[in-house]
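Have a look at the structure below, then the notes.
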Amino acid sequence: MSVLNMGGFGGKDTPFRFTPQRIHLGKDHELFEDGDIHRHMYLQNLSSSETDEQPKHRYVSEFGCHISGCCQRFRSVEEYEHHYNSLHRHVCSACRRSFPSARLLDVHIEEWHDAMFDILSQSQDMYQCLVEGCGLKFRTSKRRKDHLIQIHKYPPDFRFDKTKREHRSVVPQQAGGAEVMEGVCEAVLPATDPEQHQEEEEDMETVELQAPSGPGEQGPPSGGTPQADAETVSDGQRPRYSYRWVVIHGCIVGEGFHTQLKGSGFDPRGRHPENNQTFYISIH
Amino acid sequence: MANERRAEEVVLRSISGLAVKLWATYFILFIYIVFHADAMWRLSSVRHKAVPQGRSLEEFKLKRREHEKVLRSARKDNLLVSKRLLLCEDEDETPMDAASGDQVVHLVQKLQQSGQEKETHLKALSGSLRNPSAQTVFIKHENSMHLLVGLLSGSQAQWRLLALQCLHELSQSHQPNVTLACVPATPYLLTYLSGQSTKLTELCLYTLGNLCPGSDVVRDKLLAQGIIPALKNCMESQRSNLAVVEAVGFTLSQLLQAKDAAEKITPAVLASGLPSLLRSVLSPDPQFGLAPAIECAWCLHYLTCSTVGSSALRADGTLSRCSSLLVALGGAVSKGTKEEGMELLVWPLLRSVGNLLSSGPPGDMGSQGGDLLPALCALARAFLPSHPALALESAWVLNNLTADSSELCAALLDLNLVPELIQLLPFSQGINTMLLRVLGNVAHQTNRSCSQLARAGLVPALCATLRMSEPDVVALSLEVLFMLVAGCPQAAEEFVGQNGVALLEAVQYNGDGEIRQRAAHLLEHHLPAHLL
């Protein structure tokens, strides 16, 4: 019993194939299993009474994140939306880090991937305070961090204020069509252990130091090197390569989609100028 | 004078009071019988195997769960076989202890001698034969079956019955060699079906029903010996005895469940005139209960599963009969009346209607179709908590009703059943997939159908189903969405207004290529460009 059949509503030039179809089921069809079992339990005098109800959650559809490779499941649309908005909306297409808000993403891109920023910050206060409305700017990220801790009472290990190293942050390199995303699914997961965060941050920075630097300050990444993922680690063994989830290249998804992006010019935020939507693909 | 009149009045009042009381009592009794029909059928004069006494409920539930697993794996291997044990009033079910192997031999030897205590020995023998190892010992003992058949066919009525009870115990066995050993008795079992003793008839029927499954040899022999005409005659002549009718139904259902039934058995059953008898039993009797109707309905289901059965039964009123019964049952559940065991009748009726609809020309349900739609929705809703598979099968019948019928699609909309169906979309295990097919059938009709679907709230429902984890659900949701927005521009606008564009963009990252393709196509061609 296939879901989609030949013929269709839209004709040959659409990919849609649904057509109304009467379905015949044979005696041994799997759809009839529960009913047959119930019948035979009755014949053998083992019927249950109505009060033995099945728990409802067993057969309610779960919601699933569409992003290929992200295997998260949710009980409600709200949970799904929360996951999606938190992890897949504001993603830096250069280094694939995920941020909880557009503002933090913008600050990150400016500070990490903007050559002009690097130049200007040598002579001006460019590091803006992360708290919206504060408006203060600082000469170094350390000073900003101190400001955040002292004035705004931030924790010293705030996840979205990592120091960029001297080396250019590397991007994952991989032959083949898929790009790699690191650790983003754990970014806002409530169950994550704060200690793991600490380890992971250090680990990421360690890997950055070890890996060769990328082609330059600006410009699209050409591929990627894998980054370690603390969450899959056990016994202190840190794998060199391990992937949390995979994003499909724009070119694989659909030609029209890719064309739109190409026409609009590269933007590391992956923002489509016409509709202001943030994408999470990488362009190469 | 006044005194007389007063006395008269008093008498009249007391008589009318008594009449009222009597009427009330009868009424209460009637209600009790009708609404406790489920209890009645279990307590009818010939008892079936009872729930084990003296065990705790938890033990029983555990046993049942384990047994269910066994049945499921048996079904996967096409080996799902059940046997019924008929107990007479003075019997109880407990098996004898393990020493009965020797006891069996001893009893057989005693019976082989001519003597006066045959009754005692036969009763003891039937008790011993409840034990599986004793059964093996019995059939291996020389001439033991010959002895039993002799007593079964002899002139002593009581010995016939007791020998039959021994055979009945043997028929419980799942060992093929035990079943085969009973074959010499079958001509007599069939002969007694047309006899006058209903007790004997009923026991013969259950014994035959137990012997049918599990052995092709036994079945072929029974067919050659004329079991089908015999069953038909028995049912016809004993129509008023519902216990016998139930037994005929059971035996026939055991025959029809065989793997090769479609080729070997179904044509003979169709030719025999049994289907019309089965149909006539379908309405539950308020006093006797659901059991005979249940057996006959399962027979009809097995018949309609095959194409030859389905086309034959479509022509002779079975579809109409089963549909009207479903309408009545749907009406009953929507009023809150849900008897225990009702699903055992609903299930085979749904399947019969579903398969009958799948064959032959579409769309000739007449006005019955319009009655059936709300009944199916009511049944799905009522049985979803306890039996989700039954809700799925209701949805399947809805699909078969609406697939090729513009009248029934229109009726679904006009009867305002779409919101009800939408409420069932969160449920998995095939339910939402099948319901999306039904909604697709409606959307496939006309642009007006699409507008009505949109007004009934389909767009937000699709926004939810597009986020579900099952690929089938997502794929069908895209198909339905496509038809909806192509047929109704307002639906497209509503979808965009509900953040549908972002949703479809996310769907473009789905692991399934066909899903990605459909999402992309919708974005490119069917959502209003100015809103993108």
Side-chain angles (χ1 to χ4, degrees), chain A residues 3-4 9-10 14-28 31-50 52-54 56 59-69 73-74 77 80 84 88 247-248 253-254 256-257 274-275 277 279, chain B residues 48-49 51 64 67-68 71-72 75 78 80 82 84 298 302 305 340 344 347 354-355 357-358 385-386 388-390 392-393 396 399-400 403-404 426-429 432 440-441 444 464 467-470 472-473 475-476 479 482-483 486 502 506-511 516-518 520-521 524 532:
Chain A
V3 171
L4 304 165
F9 190 81
T14 75
F16 293 98
R17 294 284 174 264
F18 176 84
T19 184
Q21 194 192 29
R22 290 178 281 163
I23 298 166
H24 178 93
L25 297 172
K27 188 155 58 79
D28 299 314
L31 206 134
F32 284 162
E33 180 180 325
D34 280 5
D36 285 351
I37 299 302
H38 193 72
R39 152 82 172 155
H40 280 264
M41 296 285 274
Y42 156 77
L43 285 179
Q44 300 187 22
N45 287 291
L46 289 168
S47 291
S48 56
S49 73
E50 283 273 306
D52 278 0
E53 289 186 7
Q54 312 237 2
K56 279 201 172 106
Y59 50 92
V60 173
S61 269
E62 286 186 314
F63 299 96
C65 184
H66 278 290
I67 308 304
S68 176
R73 295 276 180 266
F74 314 97
V77 175
Y80 167 97
Y84 180 85
H88 302 304
V247 174
I248 299 174
V253 168
F257 190 68
E274 280 177 33
N275 66 359
Q277 296 273 349
F279 300 129
Chain B
H48 299 292
K49 212 190 284 192
V51 172
R64 196 173 62 216
H67 201 73
E68 191 183 314
L71 289 183
R72 282 188 195 273
R75 186 183 185 272
N78 282 316
L80 189 54
S82 291
R84 302 212 88 172
W298 280 92
Y302 296 131
C305 275
E340 195 171 326
L344 289 160
W347 236 312
N355 275 329
L357 284 171
S358 74
S386 48
L390 203 152
L392 170 53
E393 294 186 30
W396 163 58
N399 173 70
N400 283 4
D404 289 316
F427 297 98
S428 62
Q429 308 209 329
N432 42 19
N441 293 345
H444 196 264
R467 291 176 167 95
M468 286 180 181
S469 55
E470 293 100 326
D472 275 1
V473 177
L476 268 169
E479 297 275 352
F482 166 64
M483 289 187 281
V507 175
Q508 285 185 99
Y509 290 87
N510 191 283
R516 289 200 299 268
Q517 202 183 9
R518 283 159 173 77
H521 191 273
E524 259 177 86
L532 270 173

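Computed from a predicted model, the values in this text were never measured in an experiment.
Considering CG of Asp34(A) and CZ of Arg75(B), their distance stands at 9.0 Å, rounded to 0.5 Å. Atom OG in Ser82(B) sits 10.0 Å away from atom CE in Met41(A) (nearest 0.5 Å). Atoms CG and CG, on Asn400(B) and Leu25(A) in that order, are 7.5 Å from each other to the nearest 0.5 Å. Of the inter-residue distances, the one linking Glu470(B) atom CD with Phe63(A) atom CZ reads 9.5 Å to the nearest 0.5 angstrom. Expressed to the nearest 0.5 Å, how far CD1 of Ile23(A) lies from CG of Asn399(B) amounts to 4.5 Å.
Of the possible donor and acceptor atoms, none in the side chain of His40(A) sits under 3.5 Å from a partner among the backbone N and O of Glu68(B). Formation of a donor-acceptor pair under 3.5 Å by the Arg518(B) side chain with backbone atoms of Phe16(A) is not found in this model. In this structure, Arg22(A) contributes its side chain and Leu357(B) its backbone to a donor-acceptor pair below 3.5 Å.
Contacts between Asn432(B) and chain A at a heavy-atom distance below 4.5 Å involve the side chain alone, from C-beta outward. For chain A, no part of Leu390(B) is nearby; none of its heavy atoms comes within less than 4.5 Å. Within the 4.5 angstrom heavy-atom criterion, only side-chain atoms of Arg73(A), from C-beta onward, approach chain B. Both the backbone and the side chain of Phe32(A) have a heavy atom closer than 4.5 Å to some heavy atom of chain B.
When each of Leu392(B), Asn78(B), Leu80(B), Val473(B) is checked for heavy-atom pairs under 4.5 Å with chain A, Leu80(B) comes out on top. Contacts with chain A were tallied for Ala389(B), Gly354(B), Pro426(B); Pro426(B) has the most, counting heavy-atom pairs under 4.5 Å.
Nearest heavy atoms, Cys305(B) versus His24(A): O-NE2, 2.9 Å.
Arg39(A) is listed as a side-chain neighbour of Trp298(B), based on a closest heavy-atom distance under 4.5 Å.
A cation-pi arrangement is not found for Arg64(B) relative to Tyr42(A), the charged atom failing to lie both closer than 6.0 Å to the ring centre and inside a 45° cone about the ring normal.
In this structure Glu33(A) satisfies the salt bridge (charged side-chain N to carboxylate O under 4.0 Å, His left out) test together with Arg72(B), Lys76(B), sequence neighbours excluded. Among residues two or more places apart in sequence or in another chain, the side chain to side chain contact (heavy atoms under 4.5 Å, CB included) test is passed with Pro20(A) by Phe18(A), Ala403(B), Asn441(B), His444(B).
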Exercise for the section: Carefully, step by step, assess Leu71(B) and Gln44(A) under the rule side-chain contact (heavy atoms from CB on, under 4.5 Å). Expected result: CA-CA 11 Å; Leu71(B) 289 183; Gln44(A) 300 187 22; 3.8 Å; yes

